[in-house]
Structures are given as structure tokens and as C-alpha cells.
Amino acid sequence: MAWEIDREKCLRCGACVSVCPELALNLKEEGVLHDADRCTSCGICGRVCPVRSITVVK
Amino acid sequence: MRAFVKDSYDVVVAGAGPGGSRTAMKLAELGHSVLLLEKRQEIGAPKRCAEGLTLTAVDIMGDIPQNCKMREIVGAKVYSPDGNSVLVHYGKHGGYCLERKQFDKWLACEASRAGATVLANSEVTDVIKEGGRVKGVKARICGEDEIEIMSSVVVAADGIESTISRKAGLDTTNSLVNVDSGFQYEMSNLHMEDPDKIILYFGNDIAPRGYVWIFPKGKDVANVGIGTALSEKSAKHYLDRFIESHPEIFKDAGIVEVNSGGIPVGGFLRDMVLDGFLAVGDAAHQVNPIHGGGLKEASVAAEIAAKVIHRALMEGDVSHDSLSEYNDLWWKERGERLKKVEKLRQVTEKLSDKDLNMLAKSLTSDVLIGLTRGSKMGTLAKVLMKNPRLIGIARHLF
């Protein structure tokens with residue numbers, strides 16, 4: 001299981017944070033932070049991303 | 001900047017968007033000690049907004065300074081999928097396209113003038129709870145080490161991410177069906193036929209469930225964006241394709257700003273409060289589900305929130321039951337209507353392009369405006385029910 005974000009693509013808008021059911025994502029000034037311990041790789045964050053910067057591999 | 005902050009407040013507001021700033025301002029005006037914290041380095045930036053404000057919302061805002069108003073808008077031109085358009089007249093005073101960076105800063109300044117302590121680059125990192133009740137927040141003031149600040153009431157106005165509420169124990173996670181994906185450019189050197197109107201483009205191939213907008217901020221400058229349901233392709237993909245297919249507007253254009261964001265388009269919460277805690281604006285999904293606008297909703301909710309918190313503080317009872325008046329008042333004033341608009345959204349997203357073309361030909365400007373405000377559902381149902389295939393769908397309106 002892997003969660004990856006393309007930081008060049010990411011616009012730091014927080015859309016992914018809002019839909020994460022596990023509170024595994026956090027929007028900081030430097031970008032989206034991912035908490036691997038909380039993440040269940042559901043992939044919801046990747047679907048809502050307006051620029052498709054997130055890849056989740058189950 | 002630690003010196004700016006006291007150990008305890010009547011109210012701490014997390015997030016200095018319109019909902020947060022206006023709640024803070026109103027409560028400070030009423031004489032309460034208020035701390036308004038914004039995690040971003042700059043209040044108002046980056047924006048996540050099409051920047052349109054209709055007159056009904058302008059009335060609530062009061063005297064908006066000139067530097068926030070980029071252009072006066074007199075109406076809308078709405079394109080159906082077949083390329084036909086309907087003109088919607090807003091009447092004498094339509095509204096404005098704003099500069100959100102100026103506008104949000106103005107609102108924060110107003111909160112500050114009213115007596116609230118306003119601090120950017122100051123993130124609320126956690127909520128302090130004692131015996132199940134919210135008692136304050138942990139925060140990094142101006143990026144410094146985390147400190148604890150006590151507060152009788154904490155207001156979460158932290159936007160779509162809505163992490164503060166969830167940390168406090170109020171589940172505001174929105175379902176994927178109630179979130180749209182938004183993407184937007186500010187574009188220059190456009191060839192706009194009528195830069196006094198906003199332009200909307202509908203169609204399942206253009207923007208599934210949503211629309212593409214062009215909101216003029218000047219004669220040749222506009223906020224050009226898209227809000228769309230989640231699909232195989234990204235919001236950016238749809239917007240770029242739209243721009244490429246309209247060289248008559250965009251062939252000489254430049255891009256001066258890029259933004260994106262999630263848009264709550266439903267999933268209203270029956271309960272938006274906890275003991276010593278309340279959520280406003282996008283954080284509480286208070287957005288119009290058909291057009292995705294949240295400025296007016298956040299402002300109305302802020303007004304109600306401030307009124308209820310004021311009463312609760314005066315009575316010395318900030319329990320869930322006491323603050324729950326906010327739920328009652330909001331649902332009465334906005335929720336019931338917005339719930340109807342949510343149903344309208346659920347109906348329209350089932351319609352084919354052919355159906356949308358038919359609607360554009362059948363509905364008047366007044367009906368279209370009414371629908372976005374949660375009325376005229378009967379008129380829409382009648383039009384839909386003329387087609388036997390749409391009778392079942394029309395029933396969902398009620």
C-alpha cells in the first residue's frame with residue numbers, strides 16, 4: 001500500500017483533506033501531510049483532487 | 001507575537017474566511033473577547049472561490065469598500081449544452097465580482113476594528129476537551145511553539161477541510177456524492193462579448209453535474225473556472241478542454257492565477273454544535289448546492305452563530321443544548337430552503353443534455369433565479385412531467 005502526492009501538481013487547496021474519513025491528511029503551508037498510520041488507502045482523496053495529484057496504490 | 005495573546009477568551013474562532021471573520025466581528029461588537037486565528041500566511045489567499053456576490057448577499061455584508069469590488073454585474077448568460085443561451089436579468093443592482101484577497105482582508109480588518117484579536121500564520125492545531133466539553137484550543141501563534149488557549153466557545157470556520165470539528169468530535173466528513181471538485185484560472189486579455197454579465201455553461205460533457213463559469217473582473221479579465229462532480233477525468237481536464245474549444249474568447253488569453261478546491265454541495269448537518277463548540281461556513285457544509293456559492297451562506301450563518309453565542313455567554317450556559325439554538329435558527333432560516341436546492345441538484349444531475357436543452361427553452365429567467373433559491377420547484381416539476389420519462393425524476397423534487 002502506498003500513498004503518493006505529486007507536489008509539483010498539488011495546489012494545496014485542501015479538497016482531499018475534507019473527504020478523508022480517517023483524518024489522515026492535513027493541509028500545511030508546505031503542502032498536504034499524510035499520516036500513514038491513519039490512512040486506509042481508500043483512495044477517496046485521489047478522486048476529489050481537482051488536478052489528480054494523488055496516487056493511492058492498494 | 002505571543003504577547004498579543006491572552007490565556008483565555010470568550011470565543012476563539014479558527015479560520016478567517018468570511019464566516020470566521022464575521023462571527024468574530026459580531027461577537028467583538030457585542031463586547032466579548034475574541035481571538036480570530038488564520039493558519040495561512042495571508043488572509044484571503046489563495047482563494048477558493050468564483051468571487052461572485054449577488055445583491056442579496058451584498059445587503060448582508062454592509063458597505064463593501066471599492067477596492068474589493070472589481071466589477072458590477074447586471075445579469076447572467078446561461079448556455080445550455082446545445083449552445084443556446086438564456087439571459088437572466090438581475091434587476092437594477094445585480095451584484096459584484098469581488099477581489100477575494102481584498103474582501104477577506106477587509107472582513108478581517110473589520111473584526112479587528114470591532115475589538116477581536118486577529119492573527120494570520122496562526123494555526124489551531126487541536127481542540128482541548130475536559131470531561132467531554134470543548135474548553136479551548138492548542139495553537140501555534142505566528143508559527144511559534146504550540147500553546148494552550150482557553151475559551152468558553154470555540155468556533156470552527158476552517159473551511160472545507162473542516163479538521164477542527166472532527167478533532168473536537170463533530171463528524172463533518174462529507175460524503176463523496178456531496179463534494180464537487182473545483183478548478184479555476186484568473187485569465188487576462190480575454191475577448192468577452194458582454195463583460196457586465198457572468199456566463200455559465202452547462203452540459204454533461206462540459207462539466208458533469210456542475211458548470212463552467214466566466215466571472216468578469218474587468219473588461220478583459222475574468223475568473224474562469226469549473227465545479228464538477230467527481231468523475232474519471234479531473235476538474236482541470238474539463239476546464240482546459242472547454243478553454244481550448246472556445247478560441248473566440250481565449251485565443252489571446254493569459255493565466256495570471258491558478259486555484260483549486262473542493263466544494264460542499266449538500267450533506268447539511270442537523271447538528272452543528274458540541275458543548276462549547278460550533279461550526280460555520282464551508283466547515284458546516286453551508287453552501288448553495290446548485291451553484292456552489294458559499295459567501296452569502298457563511299455570512300448568514302455567522303450572524304446566527306454570533307447571536308446564539310452571545311446569548312449563551314450572557315446566560316453562562318454554553319452547553320450543547322444551549323448552543324443548539326443555532327441549529328434551530330439556521331435550519332429555519334436557511335437549511336430547509338437549501339435542502340430543497342439539494343434535491344434540485346440531485347434531480348438535475350440525472351438529466352441528459354437533451355433534457356437540459358429542453359429546460360433552457362421552457363424556463364423563464366425568474367424561474368431560474370427562483371430555483372437557485374429553493375423556490376419554483378412546482379414550475380420545474382410541471383415542465384419535467386410533460387415528458388413521461390422524467391416523471392419519476394420530477395417526483396424527487398418534493
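Heavy atoms only: backbone and side chains are in, while hydrogens, waters and symmetry mates are out. Letters A, B, ... mirror the listed sequences (proteins, then strands); counts begin at 1.
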- Message: For A:Cys16, which atoms come within 4.5 Å of any heavy atom of chain B: side chain, backbone, both, or neither?
- Response: neither

- Query: Measuring from B:Thr163:OG1 to A:Leu25:CG, what's the distance to the nearest 0.5 Å?
  - Reply: 10.5 Å

- From CD (B:Gln184) to SG (A:Cys13), nearest 0.5 Å: 11.0 Å

Chain A contact via [X] - which portion, at a heavy-atom distance below 4.5 Å:
X: B:Ile160; answer: both
X: B:Lys167; answer: both
X: B:Ser175; answer: neither
X: B:Arg48; answer: side chain
X: B:Ser162; answer: neither
X: B:Asp171; answer: neither

- Task: Please check if atom CD in A:Glu4 has more than 12 non-hydrogen atoms from other residues, nucleotides or ligands closer than 6.0 Å.
- Result: no

- Message: With a 6.0 Å cut-off (strictly less than), is the heavy-atom count around CZ of A:Arg47, excluding the residue itself, greater than 12?
- Response: no

- Residues of residues 261-272 of chain B with any heavy atom under 4.5 Å of a heavy atom in chain A: B:Gly261, B:Gly262

- Task: Take A:Glu29 and B:Glu123 through the side chain to side chain contact (heavy atoms under 4.5 Å, CB included) test and state the conclusion after the steps.
- Result: CA-CA 10 Å; A:Glu29 205 65 52; B:Glu123 183 182 8; over 6 Å; no

- Task: Please determine, among B:Ala235, B:Ser260, B:Pro46, the option with the most heavy-atom pairs under 4.5 Å with chain A.
- Result: B:Ser260

- Against chain B, work out which of A:Leu27, A:Val51, A:Ile44, A:Val19 has the most heavy-atom pairs shorter than 4.5 Å and name it. A:Leu27

- Message: Considering only residues two or more places apart or on different chains, which pairs with a residue in residues 7-23 of chain A satisfy side-chain hydrogen bond (donor to acceptor under 3.5 Å, both in side chains)?
- Response: none

- Task: Please report the shortest heavy-atom distance between A:Cys49 and B:Ser234, naming the atom on each side.
- Result: O-CB, 4.4 Å

